[in-house]
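Have a look at the structure below before the remarks.
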Amino acid sequence: MCGIIGYVGKASAAPILLDGLKRLEYRGYDSSGLAILDSDSHIQLRKKSGRIANLREELSAHPAEGGCGISHTRWATHGQPSDENAHPHRDRSGRLALVHNGVIENYQVLKDRLELDGHQFLSQTDSEVLAHLIGLAFDNSKETDPEKRLVAAVRASLPKVSGTYGIVAMHEEAPGFLVGARLGSPLVVGLGKGENFLASDVGAIVSHTADAIYLQDRDLVCLKADDFTVENVDGDAASYEVSKVEYTAEEAEMGEFPHYMLKEIFEQPSSIQNAFRGRLIDDEASALLGGLQLTPRELRDVDRIVLCGCGTASHAAMVGEYLIEHLARIPTEVETASEFRYRNPPLDKNTLVFVLSQSGETIDTLAAMREGQRKGHRVLGIVNTVGSTIARESDGGSYLHSGPEIGVAATKSFTSQVTVLTLLAILLGRMRHLSVDYGNRLLHDLREIPAKVEKILQQTEHIKKIAEKYIDAPGMLFLGRQFNYPTALEGALKMKEISYIFASGHAAAELKHGIIALVSEEVPSVFIMPRDSVYEKNVSTLEEVKARKGPVIAITTEGSTELERIADDVIYIPETAECLTPLLSVIPLQLLSYHFAVARGCDVDKPRNLAKSVTVE
Ligand code: AGP
């Protein structure tokens, strides 16, 4: 996915666009660019491959002044990162500029037709084709008013496109006027005083305004410094609401931390608290998730649950599967969202589907939600980003309330998703067989989790030393059983996505079914083995690794000092209920991968080839 920001107002657009791009850089960072209408109403275009710092340098060498502009930071889908492929793109006349987030699936057919018509393209991108399409419609429009011509041109062109888009367009004949439209890619309007903004993500504009309009699919917005209209692509009036952004610019800053990822790891005592705040019902030894919008009877009738997500969200869902089956005895399964949308699994009418997504924009998870809804199922969202597409289109759900997660590697969103799934399991369980006593114990232990996470975070230097000890490891194995099997998968994902080494997570007992062939003196095995019902089994598996000279890092419960005799390194976590251990055991894994990646000189917040939310197929 890419980052887009547009500005129209009295201030100089360039610094606002650059600052906005910086805040959006996590959405894509292989090239960037901007277009500003100067005082002669000429488009000043600056584009650079590489990080936004390169664009900043370009602008300081070649300034562009004006109060109306658009900008873009790219995660390449068509055409490699280069100056030419960076957005904005212009039409044949060079007088229209456009930025685009999404994928134009039929761009080649459109491009071939335009080339036959004499159009020449400067890039390999699909987005440039859209710029030419709109520019051609603008030139052919019968409208005399330039602003109306641009709107008519956008309206005439978008139906020809199949795929997804979030676009902002401007034209030299319509100074101080921006047109935005979305289908499948997010776009939010920021309403200022004498100035207005358009962005893919409210984080880009939260330092200027807290008043936002989250556009819906097929919305088309016209923006001036002191006016705006929201219609739909067909020209009919569209409903919209102005909402307050739920976090401040400071919360989206890195603060005193060297990386967003570390900041977000350290935010987990409060983000976990935020996930259960106001949702623990002591006198019923249960939990409250009002956003599910399901009556007790409807909840009681649920006889099967499907949890869908991608990446870290799917690992949280796996913990949810263990939790719900353990506490509520409801058959539950996890479906990788990208498979669910095509697998066509048989679901009976009392199956409840959940989709989990930090960004609320992941295209596969969005498609899984729509597939479940198409089949007539209620699909509930467990989402972090307020106003996101999944949050708006789902049939209800629960927000994580984690605050912005900027680091590409998901950390606090994992523990918040697991926290919400724990509440769901308690709620469903207490409507079935979960006793008051067990329910109360879980609520008590859940309340203690933030302080216990705080205690683990204090071991960051100890964990850093362990990470540095294995700095040359070519790969790493992560092993866990039961509630900590998904934790092992999550630990492996963290390690590989920010340090680029091969890492894999496994159910520990699977080691002897082939994986043990990977054990060697160079490859450390990380055992997630709190003192729980399968602790002794984990000790046996650990011994099997040691017998083959494999180094072992053990994450275990305070007091299990006997492991120091056999493991090479031990990281202790506080005691808690067995089913809550993932909330604690994942913290050392997050820190291990963070310190390992930093020691290897990797870009922790913007790992190569990745983006924070995958809004393209
Ligand atoms: C996790 O660290 C990755 N950033 C990635 O796997 C992520 O979890 C996945 O893309 C899902 O994102 P979402 O939660 O925003 O839907």
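Whatever order the structure lists them in is the order used to number ligands and atoms, beginning at 1.
Close placement of the Phe266 and Phe257 rings is indicated, their centers lying within 6.0 Å of each other.
Of the possible donor and acceptor atoms, none in the side chain of Asn384 sits under 3.5 Å from a partner among the backbone N and O of Leu400.
Between the side chains of Thr332 and Glu325, no donor-acceptor pair is found at a separation under 3.5 Å.
Using cut-offs of 30° and 60° on the angle between ring planes, the pair His100 and His87 is parallel.
Pro269 has its side chain out of reach of Lys412: every pair of non-hydrogen atoms, C-beta onward, lies at least 4.5 Å apart. A 4.5 Å side-chain heavy-atom check between Phe354 and Cys308 finds every atom pair outside the cut-off.
Of all the atoms in ligand 1, the ones that sit under 4.0 Å from a non-hydrogen atom of Ala410 are 1 (C), 2 (O). Against a heavy-atom cut-off of under 4.0 Å, Thr312 is close to the following atoms of ligand 1: 1 (C), 2 (O), 6 (O), 8 (O). Distances below 4.0 Å separate heavy atoms of Ala409 from the following atoms of ligand 1: 2 (O). Every atom of ligand 1 with a heavy atom of Ser359 under 4.0 Å away is listed here by number and element: 13 (P), 15 (O), 16 (O).
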Ring pair (Phe, Tyr, Trp, His ring centres under 6.0 Å), that's the test. Do His506 and Tyr485 meet it? Break it down for me. CA-CA 6 Å; His506 306 279; Tyr485 163 37; 8.4 Å; no
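Look at Asp603 and Arg608 and you find no salt bridge, because none of the NZ, NE, NH1 or NH2 atoms lies under 4.0 Å from a carboxylate O.
Of the protein's heavy atoms, Gln358 N, 2.7 Å lies nearest to atom 14 (O) of ligand 1. Looking from atom 10 (O) of ligand 1 to the surrounding protein, the closest heavy atom is Val614 CG2, 4.3 Å. Here the heavy atom of the protein found nearest to atom 11 (C) of ligand 1 is Cys310 O, 3.4 Å. For atom 2 (O) of ligand 1, the nearest non-hydrogen atom of the protein is Glu497 OE2, 2.3 Å.
Applying the side chain to side chain donor-acceptor pair (under 3.5 Å) test between Thr312 and each of Glu490, Gln358, Gln417 identifies Glu490 as the sole match.
In terms of polar-atom proximity, defined here as any N/O pair under 3.5 Å, Thr362 does make such a contact with ligand 1. Inclusion of Gln417 in the set of residues having an N or O under 3.5 Å from an N or O of ligand 1 is not warranted. Residue Gly311 has no N or O atom closer than 3.5 Å to an N or O atom of ligand 1. Taking any N or O of Val408, backbone or side chain, at least one lies under 3.5 Å from an N or O belonging to ligand 1.
At a heavy-atom cutoff of 4.0 Å, ligand 1 is contacted by the side chain of Lys494 but not by its backbone.
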